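Note that the coordinates shown come from a computational prediction; the quantities given were computed from them, not determined experimentally.
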Amino acid sequence: MSLAAGSTIGIIGGGQLGRMLAMAAARLGYRTVVLEPQPDCPAAQVANRQITAAYDDTAALAELAAASAVVTYEFENVPVMAASALAVTVPVYPPARALEVAQDRVAEKKFLNGIGIPTADFCPVDNDDELTAALKKFDGSGILKTRRMGYDGKGQRVFRNMETGGFAGTCEAMGNVPLILESFVAFEREISVIAARGMDGSLAAYDPAENIHRSGILHSSTLPARIGSETAAAAQAAAAEILAALDYVGVIGIEFFVLADGALLANEIAPRVHNSGHWTEAACIVSQFEQHIRAVAGLPLGNPGRHFDCVMENLIGDDILRVPALLAEPDLMLHLYGKAEARPGRKMGHFTRMSRHR
């Protein structure tokens, strides 16, 4: 049963993704309340109300549940216990199970492999001896990552063709937290699929985007991706498998490596709307943000069809100074996030350049 017009949707997290979800909800006639510790966050500037408290604050979670007909979230590091506690009194989508899988890189890869979706080879690492053994297995090369909380290139160290030994202190330098060593992948490009699943099990998948990262942060997403139709279909089919296995409701972002023969290795899943799907706001009638609100509100999913070829690019830090020149361009949609201070590595907004299908 769908939410009645005027119902309130709770959003955990007040960043730019929460902002765009709140805007999409308003277009569909819903109100929004945001739980976010930072006052005057990007989402609060467009939502109906903000509860200013930590994400695991018991009283604030009870207040959010009482105010909301359904609760969703804008980032994958929401405490699982908070989502589970909320779900006792109010529907929470995507389900807490999706958070459990996505928050731990080892659990994520085991889940993907368990449903037949290949990934890079990996080894859990808890101490320097295990790191030495894992590097030996991967011929002295790999990417060491924190199993939890890393994003935009944070919490990572790269090893290339190193002797397998002499790594004393590495795990301490990484914070003495659980780690994972992932093997290098000889990929040709990176793509992502934004897909949605409704309460009735219906599916909608957008065209895969080709992504370029700089310093671990997404720089641009280009449509169409330079991949064959079979590779695109395989990525969308993998997304459908993941959504079904998690009994998912809402939008998910899934990143893949594309190998020379067109085969795919899944890299990461994000149980939320995703930066590499921002282009849908400009090039599709139904954006990823509206699609997510439709799903969690029990409405029919929209057509994910794309009307334009396009390139979405993030504005990072001082890139915000480009805004006047960008606004002078034709066929460009700009979205700024309402952040007062530009800092290195901080996402201040994005823009999408569009062109007609060839």
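- Residue pairs satisfying the salt bridge (charged side-chain N to carboxylate O under 4.0 Å, His left out) criterion with at least one member in residues 196-216, sequence neighbours excluded, are listed as follows: R189-E210, R197-D247, D207-R306, E210-R226.
- Under the salt bridge (charged side-chain N to carboxylate O under 4.0 Å, His left out) criterion, E36 pairs with no residue at all, not counting sequence neighbours.
- Using a 30° and 60° split on the angle between ring planes, H335 and H350 fall in the parallel class, below 30°.
- Counting heavy atoms from C-beta on, the side chains of W279 and Q288 never come closer than 4.5 Å.
- Judged purely by distance below 3.5 Å, without hydrogens or angles, the side chains of S355 and D309 never pair a donor atom with an acceptor atom.
- With a 6.0 Å radius and a threshold of 12 heavy atoms from other residues, nucleotides or ligands, E188 has its CD atom above the threshold.
- When all heavy atoms of A98 and Y73 are compared, the pair lying nearest together is CB-OH, 4.4 Å.
- Residues R105 and E268 are paired through a salt bridge, judged by an N-O separation under 4.0 Å between the basic side chain and the carboxylate.
- A side-chain donor-acceptor contact under 3.5 Å links H292 and T72.
- Annotation: side chain of V34 is not in contact with side chain of R19 (no heavy-atom distance under 4.5 Å).
- A heavy-atom distance below 4.5 Å is found between the side chains of L181 and V125.
- Looking at R49 and E63, a side-chain N of the basic residue comes within less than 4.0 Å of a carboxylate O on the acidic one, giving a salt bridge.
- Inspection of the T280 and S287 side chains reveals no N or O donor paired with an N or O acceptor under 3.5 Å.
- Salt bridge annotation for E341-R343: present, with a cationic side-chain nitrogen under 4.0 angstrom from a carboxylate oxygen.
- A side-chain donor from one of T119 and N113 sits under 3.5 Å from a side-chain acceptor of the other.
- With a 4.5 Å cut-off on side-chain heavy atoms, S192 and N211 count as touching.
- Annotation: side chain of L246 is not in contact with side chain of P94 (no heavy-atom distance under 4.5 Å).
- Annotation: side chain of M20 is not in contact with side chain of V46 (no heavy-atom distance under 4.5 Å).
- For the pair M354 and A283, the tightest heavy-atom approach, listed with the atom from each and the gap, is SD-N, 4.5 Å.
- Atom CG of L28 has more than 12 heavy atoms from other residues, nucleotides or ligands within 6.0 Å.
- Of all non-hydrogen atoms in L301 and R294, the two that sit nearest each other are C-NH1, 3.6 Å.
- When the ring-ring contact (aromatic ring centres under 6.0 Å, His included) test is applied to F111, no partner is found at least two apart in sequence or on another chain.
- Considering L264, I269, L112 as possible partners of I254, the one that fulfils the side-chain contact (heavy atoms from CB on, under 4.5 Å) test is I269.
- Inter-residue side-chain proximity for F138 and E182 is flagged as unmet; no heavy-atom pair is nearer than 4.5 Å.
- Here the CG-CG distance, from D57 to L35, works out to 8.0 Å after rounding to the nearest 0.5 Å.
- Residues E76 and R272 are paired through a salt bridge, judged by an N-O separation under 4.0 Å between the basic side chain and the carboxylate.
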**Message:** As a quick check of understanding, evaluate ring pair (Phe, Tyr, Trp, His ring centres under 6.0 Å) for F75 and Y55, giving each step before the final call.
**Reply:** CA-CA 11 Å; F75 68 110; Y55 305 126; 4.9 Å; yes
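- The backbone N or O of A4 lies less than 3.5 Å from a partner atom in the side chain of S7, making a donor-acceptor pair.
- Looking at L327 and F351, their side chains never come closer than 4.5 Å, going by heavy atoms from C-beta outward.
- With a 6.0 Å radius and a threshold of 12 heavy atoms from other residues, nucleotides or ligands, D318 has its CG atom at or below the threshold.
- Within 6.0 Å of atom CD in E230, 12 or fewer heavy atoms from other residues, nucleotides or ligands are found, so the atom counts as exposed in its surroundings.
- The minimum heavy-atom distance linking D126 with P178 is given by the pair OD1-CA, 3.8 Å.
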